[in-house]
Every structure is written in structure tokens, then in C-alpha cells.
Asks: 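A single structure is presented below for examination.
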Amino acid sequence: QVQLVESGGGLVQAGGSLRLSCAASAASGRTFSTYAMGWFRQAPGKARERVAATSRDGINTYYANSVKGRFTISRDNAKNTVYLRMNSLKPEDTAVYYCAASPLSYPEGRDYAYWGQGTQVTVSS
């Protein structure tokens with residue numbers, strides 16, 4: 001129902017910033033604004049972690065404790081795009097970052113049905 005493509009990953013020094021983008025394309029039925037959106041990450045040897053999420057209108061947000069105060073999720077429904085602004089990056093933030101969509105109003109971590117291909121973020125010390 002929706003296709004997601006992440007961009008903006010790359011190599012950055014510790015303390016630096018990066019902005020990830022997720023472009024969404026709804027095939028039929030639902031439009032972008034009907035999906036709650038989230039950002040996940042997975043590092044080698046670690047479990048997948050939801051780092052941020054936003055409601056359909058972008059008003060309500062969630063952040064994992066590991067990124068709270070450093071990351072900001074936002075969405076522009078007119079552009080069918082979700083963003084993740086990452087500040088004060090640390091080496092432990094190194095992971096593949098995935099954009100995901102859920103048809104539920106307030107999904108939990110298991111409730112995301114659609115996923116992007118991921119974008120690599122590497123933070124050097």
C-alpha cells in the first residue's frame with residue numbers, strides 16, 4: 001500500500017549532525033497522512049530498536065531513551081516525507097536506519113507493516 005525510500009545516511013564524526021529523509025508513495029487507498037510513521041535502527045549483533053515515532057498529524061512523538069534530546073522526528077504530509085534530524089551523534093548510533101509505516105493510530109514496535117530498504121549511518125570516534 002505504501003513504498004518507502006530512505007536517504008541522507010553517510011559517514012559523520014562524533015558530535016556531528018545528519019538528517020535522514022523518508023519519501024513515501026501510497027499505491028492506492030490510503031494516503032500518506034493516514035499512516036503513523038517510525039524510525040528504527042539495527043546495528044550488527046544488536047536487536048532492532050525503534051528510535052522515534054510520530055502520529056498521523058505529526059503532533060505526538062515518541063523517542064527511545066537512547067536518543068531523547070538528540071534526535072527529532074518530523075513529517076511533512078504535503079510532501080509525503082518523514083524526517084529524522086540527528087544531532088550530537090555518537091559512535092553507538094552507528095546502524096542501518098529504517099523508515100516504517102503503520103496503519104494504526106498509535107502503533108507499538110511490532111505494529112509497522114511497511115518498511116524501507118534502510119540507509120547506513122556511520123559515526124566515527
Asks: Give the ring-plane orientation class for Trp115 versus Phe40, where under 30° counts as parallel, over 60° as perpendicular and anything between as tilted.
Replies: tilted
Asks: For Thr94 and Val123, indicate whether the former's side chain and the latter's backbone hold a donor-acceptor pair under 3.5 Å.
Replies: yes
Asks: Over all heavy atoms of both residues, which pair between Ile59 and Ser55 is shortest? Give the atoms and the distance, please.
Replies: N-OG, 3.5 Å
Asks: Got a second to check how far Tyr98's OH is from Leu4's CG, nearest 0.5 Å?
Replies: 13.0 Å
Asks: Hey, any chance Val121 and Tyr63 share a hydrophobic cluster, counting ILVMFWY side chains that come within less than 4.5 Å of each other, even indirectly?
Replies: yes
Asks: If you apply the rule side chain to side chain contact (heavy atoms under 4.5 Å, CB included), what do you find for Trp39 with Cys99, and how did you get there?
Replies: CA-CA 5 Å; Trp39 285 97; Cys99 176; 4.0 Å; yes
Asks: Grouping I, L, V, M, F, W and Y whenever their side-chain heavy atoms are under 4.5 Å apart, do Tyr83 and Leu18 come out in a common cluster?
Replies: no
Asks: Please give me the minimum heavy-atom distance between Val2 and Ala24, naming the atom from each residue.
Replies: CG2-CB, 4.0 Å
Asks: To the nearest 0.5 Å, tell me how far Asn77 CG sits from Tyr35 OH.
Replies: 12.5 Å
Asks: Here's a test for you: under side-chain hydrogen bond (donor to acceptor under 3.5 Å, both in side chains), which of Glu92, Glu49, Lys90 qualifies with Ser66?
Replies: Glu49
Asks: Ignoring hydrogens, what is the shortest heavy-atom contact between Asp111 and Glu108? Give both atom names and the distance.
Replies: OD2-N, 2.8 Å
Asks: With no hydrogens and no angle check, is any side-chain donor or acceptor of Arg56 less than 3.5 Å from a backbone partner on Tyr106?
Replies: no
Asks: When hydrophobic residues are tied together by side-chain contacts of less than 4.5 Å, even through go-betweens, does Phe71 share a cluster with Val12?
Replies: yes
Asks: To the nearest 0.5 Å, how far apart are SG in Cys22 and CZ in Arg75?
Replies: 9.5 Å
Asks: Can a donor-acceptor pair be found, under 3.5 Å and without considering hydrogens, that links the side chain of Gln117 to the backbone of Val5?
Replies: no
Asks: Compare all side-chain heavy atoms of Met37 with those of Thr54 and state whether any distance is below 4.5 angstrom.
Replies: yes
Asks: Going only through I, L, V, M, F, W and Y residues with side-chain contacts under 4.5 Å, is there a path from Val96 to Val67?
Replies: no
Asks: Can you see which heavy atom on Ser125 is nearest to which on Ala14, and at what distance?
Replies: CA-CB, 4.4 Å
Asks: Minimum heavy-atom separation for Arg41 to Tyr97, with atom names?
Replies: NH1-OH, 2.9 Å
Asks: Would you give the length of the straight line joining atom CZ of Phe32 to atom OG1 of Thr81, rounded to the nearest 0.5 angstrom?
Replies: 6.5 Å
Asks: Is there a donor-acceptor contact under 3.5 Å from the side chain of Arg19 to the main chain of Arg85?
Replies: no
Asks: Any idea which heavy atoms bring Ala95 and Ala43 closest together, and the distance?
Replies: CB-N, 3.9 Å
Asks: Test of understanding: clusters of I, L, V, M, F, W, Y form through side-chain heavy atoms closer than 4.5 Å, transitively. Do Leu20 and Tyr114 belong to the same one?
Replies: yes
Asks: Indicate whether the side chain of Arg50 and that of Tyr112 have a donor and an acceptor atom separated by less than 3.5 Å.
Replies: yes
Asks: Using atom types as modelled and distance alone, determine if a side-chain donor or acceptor of Arg70 lies under 3.5 Å from a backbone N or O of Ser88.
Replies: yes
Asks: Under the side chain to side chain contact (heavy atoms under 4.5 Å, CB included) criterion, do Met86 and Asp93 qualify, and how do the steps go?
Replies: CA-CA 9 Å; Met86 305 182 293; Asp93 294 320; over 6 Å; no
Asks: Supply the atom-to-atom distance Ile73 CD1 to Asn60 CG, rounded to the nearest 0.5 angstrom.
Replies: 12.0 Å
